[in-house]
Amino acid sequence: MVMTGPWLLYGANGYTGALVARLAAARGHRPILAGRSADAVCALSDELGLERRLFSLDAPARIEEALAGMGLVLHCAGPFSRTSRPMADACLRVRTHYLDVTGEIEVFEALAGRDAEARSAGVMLLPGCGFDVVPTDCLAAHLARRLPGARRLALGFQAGGRLSRGTATTAIEGLGQGGLVRRGGVLTPVPLASKTRTIDFGAGPRKAVTIPWGDVSTAWHSTGIPDVEFYMAAPLLLRAFAHASRLLGPVLGSPAVRRFLVARARAGAPGPTEEERRRGRAWVWGEVEDAAGGRAESRLATPDGYTLTARAALAVVERVLAGQAPAGFQTPARAFGPDFVLGIEGVTRTDL
Ligand SMILES: NC(=O)c1ccc[n+]([C@@H]2O[C@H](COP(=O)([O-])OP(=O)(O)OC[C@H]3O[C@@H](n4cnc5c(N)ncnc54)[C@H](OP(=O)(O)O)[C@@H]3O)[C@@H](O)[C@H]2O)c1
């Protein structure tokens with residue numbers, strides 16, 4: 001087990017990183033704030049009275065130097081398809097636990113592929129410490145506990161409110177790539193929104209479509225259930241866009257269109273306002289079935305997704321600082337159990 005010590009919050013000046021930094025400071029933590037944009041990181045560290053380290057992810061030796069003496073890194077700089085690898089490399093070399101808030105399937109899979117390396121270094125790799133995937137992963141593990149031997153898992157969420165710039169940028173990166181489900185334990189490409197279903201997530205029935213959410217990767221690692229699909233509640237316009245994107249795939253995936261969409265997203269507000277977050281709610285739903293016709297269904301009600309992300313990520317940090325950091329690739333439920341999510345303020349669970 002790597003000794004825990006001071007911790008580093010990378011991407012601290014981003015929308016999500018700053019939420020975590022403020023919550024951490026309010027709870028008496030002293031994270032070292034880090035990022036590549038000196039002015040923005042300095043402004044936040046001055047405001048919160050916290051130490052800072054300024055570095056980009058381009059030079060491995062510089063990342064290693066910045067991680068020296070850190071018990072863990074909470075990595076909040078995404079899209080993680082670009083930023084996870086250099087940070088995880090450095091964490092494995094200097095033996096610092098790696099946590100992030102990705103929801104990107106390829107990032108989960110890449111880190112899962114480094115399990116043996118992480119075990120032998122005594123380092124925990126725990127991606128997905130935000131809304132995607134803490135509540136859904138814990139719900140998946142809870143359902144697997146309710147119905148041992150389940151063969152099929154469906155998960156999903158309903159949330160309102162606007163996206164942060166970083167979430168929008170990350171989603172645009174994935175446009176044109178279609179969907180993914182897990183079949184027989186194998187990640188299987190399917191068209192985006194290949195299935196539509198009416199689901200009561202906890203706020204009345206809603207039409208929902210399948211999307212390639214992080215749990216398509218992680219739920220398999222947490223539960224071993226071989227067939228996994230993930231639904232998002234989607235109003236008519238979004239469903240129509242998802243269906244149209246099958247035909248528009250090559251256009252949406254083209255660098256020029258992506259650049260245009262990213263520029264639009266970056267020109268918008270950083271994310272939901274404090275008031276919008278305070279009013280926001282989200283609902284998470286899951287269902288398991290076994291080969292004998294057994295079935296179980298459960299739900300979670302949670303705060304707004306960004307508030308939940310900050311609280312969940314900090315709850316993970318607190319576990320690690322307390323010495324709970326099993327080496328190797330982990331998921332939230334595998335590391336801390338299905339009930340971990342119930343310790344997060346504002347989360348309730350119902351079994352149907
Ligand atoms: N799993 C979840 O539930 C969840 C929840 C919230 C956010 N997220 C993810 O977290 C990421 C950040 O979201 P956000 O809303 O905080 O975005 P944001 O406000 O745009 O902030 C992005 C942060 O990442 C940094 N960054 C981006 N690319 C970088 C690179 N190549 N090297 C170093 N730093 C880099 C930015 O630094 P600069 O300011 O220097 O550009 C900034 O600090 C996104 O990928 C988003 O999808 C996931």
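For ligands, and for the atoms within them, numbers begin at 1 and follow the listed sequence.
No donor-acceptor pair under 3.5 Å is formed between the side chain of H142 and the backbone N or O of R349. With hydrogens and angles disregarded, no donor-acceptor distance shorter than 3.5 Å links the side chain of S298 to the backbone of L143. Side chain of R311 to backbone of E345: a donor-acceptor contact under 3.5 angstrom is found. Proximity of a side-chain donor or acceptor of R281 to a complementary backbone N or O of T302 within less than 3.5 Å is detected.
By the criterion of a heavy-atom distance under 4.0 Å, the side chain of T83, and not its backbone, is placed next to ligand 1. Of the heavy atoms in A40, none comes closer than 4.0 Å to ligand 1. With a heavy-atom cut-off of 4.0 Å, T169 does not touch ligand 1 at all. Of all the heavy atoms of T16, the ones lying under 4.0 Å from any atom of ligand 1 are found in both the backbone and the side chain.
Here the protein heavy atom with the shortest distance to atom 12 (C) of ligand 1 is C76 O, 3.5 Å. Of the protein's non-hydrogen atoms, T170 OG1, 3.4 Å is the one closest to atom 44 (C) of ligand 1. In this structure, the protein non-hydrogen atom closest to atom 21 (O) of ligand 1 is G14 CA, 3.2 Å. Counting protein heavy atoms only, atom 10 (O) of ligand 1 is closest to F80 CE1, 3.5 Å. In terms of protein heavy-atom proximity, atom 27 (C) of ligand 1 is nearest to G78 O, 3.3 Å. The closest protein non-hydrogen atom to atom 26 (N) of ligand 1 is A77 CB, 3.7 Å. Nearest protein heavy-atom contact of atom 17 (O) of ligand 1 is G166 CA, 3.0 Å. Nearest to atom 5 (C) of ligand 1 among the protein's heavy atoms is T309 OG1, 3.4 Å.
There is no side-chain donor-acceptor pair under 3.5 Å between T331 and T218. Side-chain polar atoms of T167 and Y306 form a donor-acceptor pair below 3.5 angstrom.
Heavy-atom neighbours of R197 CZ from other residues, nucleotides or ligands within 6.0 Å: above the threshold of 12. The environment of E275 atom CD is dense: over 12 non-hydrogen atoms of other residues, nucleotides or ligands sit within 6.0 angstrom.
Ring orientation note: the planes of W7 and H29 are nearly perpendicular, at an angle over 60° on the 30°/60° scale.
Residue S37 approaches ligand 1 through these ligand atoms, each under 4.0 Å from one of its heavy atoms: 38 (P), 39 (O), 40 (O). Within ligand 1, counting atoms from 1 as listed, the ones closer than 4.0 Å to a heavy atom of F131 are 2 (C), 3 (O). Set against the non-hydrogen atoms of D132, the atoms of ligand 1 under 4.0 Å away are 1 (N), 2 (C), 3 (O). The distance from ligand 1 to the heavy atoms of N13 drops below 4.0 Å at these ligand atoms: 38 (P), 39 (O), 43 (O). Of all atoms in ligand 1, listed by their number and element, those nearer than 4.0 Å to a heavy atom of Y15 are 15 (O), 16 (O), 18 (P), 19 (O), 21 (O). Close approach of ligand 1 to V101 is summarised as follows: ligand atoms under 4.0 Å from at least one heavy atom of the residue are 1 (N), 2 (C), 4 (C), 8 (N), 9 (C), 10 (O), 48 (C). Ligand-side atoms of ligand 1 in range of P79: 45 (O), range being under 4.0 angstrom from any heavy atom. With ligand atoms numbered from 1 in the order given, ligand 1 contributes 6 (C) to contacts under 4.0 Å with heavy atoms of Y306.
The two residues A208 and I199 have their closest heavy-atom pair at CB-CD1, 4.0 Å.
At least one side-chain heavy atom of E109 sits under 4.5 Å from a side-chain heavy atom of H221. L99 places a side-chain heavy atom less than 4.5 Å from the side chain of M124.
Taking the six-membered ring where the residue is Trp, the centroids of Y10 and F55 are separated by under 6.0 Å.
Under the 4.0 Å criterion applied to side-chain N and carboxylate O atoms, R334 and D137 are not assigned as salt-bridge partners.
Taking any N or O of P270, backbone or side chain, none lies under 3.5 Å from an N or O belonging to ligand 1.
Not a single heavy atom of L163 sits less than 4.0 Å from an atom of ligand 1.
The residue among R36, R165, M87 with a heavy atom at the shortest distance from atom 34 (N) of ligand 1 is R36.
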